[in-house]
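Just below is one structure, and these are the notes that go with it.
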Amino acid sequence: MNTEKTFNEEILPTDNQAEVKPALLELTEEINHNLHSAGKWSQFLSILGFIGTGFMVLGGISVSIMAAFVPVAKPGILPFPMALFGLLYIVFAGVYFLPIYYLFRFSNSIKQAVALKKQDQLSIAFNNLRAHYKTFGIIMIVIMCLYPIMIIGMVLFGIFSGLGAAGSGIPM
């Protein structure tokens, strides 16, 4: 007798096979306690992140304002205005804000889910945690891709600076 099933055959349960139900996760008191604690710590870290983002914005505004009033010793030494550094800080603050916001939403949702024992809040909490990690992962991939470009740029800048200094008669 051939017991091997082909691709098109349908496998039907027989009388002696028990119907297998998907296992449900059980949230024990210890797990609830750990989730609540994770919610508190993630709220603390997200508030620190918001404060840090605020400082980045203030720093960017300050650098932009100061760059407008500070005279440049040698005009044309940089290929872009100094105020661009301040704008760059503000852009970084905007990029950093998004994952911190997701972390803050996770902290609020997880604390509500544990306190009220609501499945939908737990789902929302973990969706926000997923978004937090996904956003940070994308940021890290972008930064890792920019590192080789920055290293090559710094090496080329060093080479051309050295060649320029050697050509102007400055002793090395």
Let me check something: do [X] and [Y] share a hydrophobic cluster, defined by ILVMFWY side-chain heavy atoms less than 4.5 Å apart, either directly or through other members?
X: I152; Y: F160; value: yes
X: Y89; Y: V95; value: no
X: Y147; Y: I139; value: yes
X: M144; Y: F92; value: no
X: M150; Y: L156; value: no

From [X] [atom1] over to [Y] [atom2], what is the distance, rounded to the nearest 0.5 angstrom?
X: M56; Y: I51; atom1: CE; atom2: CD1; result: 14.5 Å
X: I100; Y: L45; atom1: CD1; atom2: CG; result: 8.0 Å
X: S123; Y: K118; atom1: OG; atom2: NZ; result: 12.5 Å
X: F104; Y: Y101; atom1: CZ; atom2: OH; result: 9.0 Å
X: N127; Y: D120; atom1: CG; atom2: CG; result: 12.5 Å

Kindly indicate whether the side chain of [X], heavy atoms from C-beta on, has any atom under 4.5 Å from the side chain of [Y].
X: Q43; Y: I47; answer: yes
X: F157; Y: M154; answer: no
X: L84; Y: L87; answer: yes
X: M140; Y: I138; answer: no
X: T135; Y: Y102; answer: yes
X: N128; Y: L103; answer: no
X: Q112; Y: I124; answer: no

Closest non-hydrogen atom pair, [X] against [Y]:
X: G49; Y: Y96; answer: O-CE2, 4.0 Å
X: K40; Y: K111; answer: N-CD, 4.2 Å
X: I110; Y: G39; answer: CG2-CA, 3.4 Å
X: I90; Y: V57; answer: CG1-O, 4.1 Å

Is it true that N108 and R105 share a donor-acceptor pair across their side chains at a distance under 3.5 Å?
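No.
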Pairwise ring-ring contact (aromatic ring centres under 6.0 Å, His included) hits with a residue in residues 119-146, at least two apart:
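For residues 119-146, and leaving out neighbouring residues, the ring-ring contact (aromatic ring centres under 6.0 Å, His included) pairs sorted by first residue read H132-F136.
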Hey, is CZ on F50 packed in by over 12 heavy atoms from elsewhere, all under 6.0 Å?
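Yes.
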Quick one: does any side-chain atom of S109 pair with a main-chain N or O of F106 as donor and acceptor, under 3.5 Å?
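Checked: no pair found.
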Please lay out, stage by stage, how L122 and L27 fare under the test side-chain contact (heavy atoms from CB on, under 4.5 Å).
CA-CA 11 Å; L122 186 65; L27 297 180; 3.7 Å; yes
